[in-house]
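In what follows, every chain begins at residue 1, and chains take the letters A, B, ... in the order their sequences are listed. All values reported here derive from a predicted model rather than from experimental measurement.
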Amino acid sequence: MDADKKRLQKELMTLQLNPPVGIKVNGDHGSSLTTWYVEMEGATGTLYEGEKFQLLFKFTNRYPFDSPEVVFTGTNIPVHPHVYSNGHICLSILTEDWSPALSVESVCLSIVSMLSSCKEKKRPPDNTFYVKTCSKNPKKTRWWYHDDKV
Amino acid sequence: MASTSESEGQKEGDDPEDANKSNPSQDGTFECNICLDTAHDAVVSMCGHLFCWPCLHQWLETRPNRQTCPVCKAGISKEKVVPLYGRGNAKQEDPRTKVPPRPQGQRTEPENNGPFQSFNWGGDGGFQMSFGIGAFPFGLFASTVNLGGPRLPGAQPGTPQFEEEQFLSKLFLWVAILFIFWLLVA
């Protein structure tokens with residue numbers, strides 16, 4: 001088994017045996033393990049309490065040296081200043097601040113935490129333009145990380 | 001365009017109890033932070049984080065101009081990681097046959113604190129001193145006393161280099177004499 005598959009297998013096992021609060025990995029991933037769907041709930045006491053979201057993870061065979069491609073998918077995309085209506089997330093650890101010591105679990109927790117610190121539900125100011133012009137793969141976007149408050 | 005830099009949730013390896021819960025048969029303390037397996041050809045960074053050397057090497061190659069520790073983002077480099085040698089790894093194949101080789105362990109000589117050890121005349125036993133008047137570059141009145149110190153060996157007589165050195169020393173002698181003469185006249 002290749003190193004990337006082995007690590008993904010390990011992560012999957014850990015997440016299924018011992019999932020963090022509000023995070024659930026869908027069981028069926030086929031044999032390839034390159035596409036994961038992760039269910040997550042908005043944390044209690046935040047603007048997203050009671051909402052359910054779905055994240056789509058795609059891994060290349062360079063994982064974990066290469067960051068996974070992570071987008072919100074499904075019917076409910078959170079309304080958040082760093083989440084575009086097509087599901088793309090502006091989060092530095094998904095591109096330039098990625099580290100191989102991060103994992104699916106830590107990415108999920110970061111996203112829950114990003115949602116939790118939101119004070120006002122609104123789309124990014126350039127949402128319409130971005131959604132019209134962006135690539136399908138959010139990793140091809142040149143993100144400009146400037147706002148670390150939310 | 002809007003974004004955030006979330007501080008990552010560092011989970012694995014931080015909490016041995018957690019690791020034990022998910023993996024009851026194994027102790028997570030010696031797992032590589034990259035492949036999450038028990039570290040082989042292990043190295044540890046100055047910040048104390050454990051990796052397989054092949055894993056860490058691949059990460060350093062991924063970002064050659066921004067080499068940071070995957071766990072804590074401290075600066076890290078090939079020279080600044082320490083290999084760990086456990087006991088009883090004789091059966092293992094030599095890690096150097098695999099690419100990339102592990103960095104060498106560093107061994108410093110014990111310090112010798114005997115009396116007068118650090119007080120060394122001229123470095124190699126000779127006694128050297130020089131004194132002079134005048135600011136650079138007019139240090140022509142400087143004289144040099146050089147007793148017993150081994151000098152750089154000059155060229156052997158007869159070789160072209162010897163001739164050249166003789167010529168140069170004569171030339172500089174004449175320049176010095178002319179300069180002194182000019183100073184006296186002026």
Side-chain angles (χ1 to χ4, degrees), chain A residues 3-4 6-11 13-20 62 64-66 80-84 89-103 105-114 117-118 122-127 129-130 141-150, chain B residues 1-26 28 31-41 45 47-76 98:
Chain A
D4 57 313
K6 207 169 161 187
R7 173 166 157 160
L8 282 172
Q9 192 71 59
K10 262 183 170 264
E11 282 197 49
M13 240 173 61
T14 314
L15 268 179
Q16 282 171 341
L17 285 174
N18 190 18
R62 301 238 323 114
F65 300 100
D66 199 12
H80 182 280
H82 299 163
V83 181
Y84 290 88
I89 308 163
C90 185
L91 182 65
S92 65
I93 59 163
L94 298 180
T95 55
E96 60 186 45
D97 286 339
W98 170 255
S99 136
L102 296 174
S103 60
E105 183 179 330
S106 57
V107 167
C108 289
L109 290 175
S110 283
I111 292 173
V112 171
S113 146
M114 181 185 90
S117 53
C118 180
K122 59 175 184 196
R123 290 274 177 228
D126 57 333
N127 184 58
F129 179 74
Y130 176 76
T141 303
R142 280 194 63 90
W143 297 100
W144 178 43
Y145 303 110
H146 66 98
D147 175 16
D148 55 3
K149 286 187 277 301
V150 183
Chain B
M1 280 162 77
S3 145
T4 181
S5 354
E6 290 291 328
S7 61
E8 321 62 55
Q10 301 298 348
K11 289 293 286 181
E12 48 282 316
D14 281 356
D15 189 347
E17 264 183 45
D18 251 8
N20 283 340
K21 252 186 269 165
S22 61
N23 225 343
S25 61
Q26 255 180 331
E31 281 174 6
C32 165
N33 281 288
I34 295 178
C35 66
L36 313 184
D37 237 330
T38 305
H40 64 98
D41 297 343
S45 62
C47 42
H49 296 113
L50 181 71
F51 306 96
C52 305
W53 169 243
C55 292
L56 183 64
H57 181 266
Q58 196 176 342
W59 172 240
L60 297 181
E61 294 283 293
T62 308
R63 290 198 181 159
N65 43 11
R66 202 161 64 108
Q67 301 192 328
T68 55
C69 170
V71 181
C72 68
K73 311 226 154 147
I76 196 171
K98 297 176 217 158

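Considering all non-hydrogen atoms of both residues, Asp97(A) and Lys73(B) come closest at O-NZ, 2.9 Å. Heavy atoms only, all atoms of each residue included: Pro70(B) and Ala101(A) are closest at O-CB, 3.4 Å. When every heavy atom of Arg66(B) is checked against every heavy atom of Glu96(A), the shortest pair comes out as NH2-O, 2.6 Å.
Atom-to-atom distance recorded for Trp98(A):CH2 and Thr62(B):OG1 is 12.0 Å, nearest 0.5 angstrom.
Under a 3.5 Å cut-off, the side chain of Lys10(A) and the backbone N or O of Leu36(B) do form a donor-acceptor pair. A distance-only check finds no donor-acceptor pair linking the side chain of Arg7(A) to the backbone of Asp37(B) [under 3.5 Å].
With sequence neighbours excluded, no residue satisfies side-chain contact (heavy atoms from CB on, under 4.5 Å) with Pro19(A). Taking the side-chain hydrogen bond (donor to acceptor under 3.5 Å, both in side chains) definition, one finds that Asn127(A) meets it with Ser85(A), sequence neighbours left out.
Counting only heavy atoms from C-beta outward, the side chains of Val71(B) and Ser99(A) never approach each other to under 4.5 Å.
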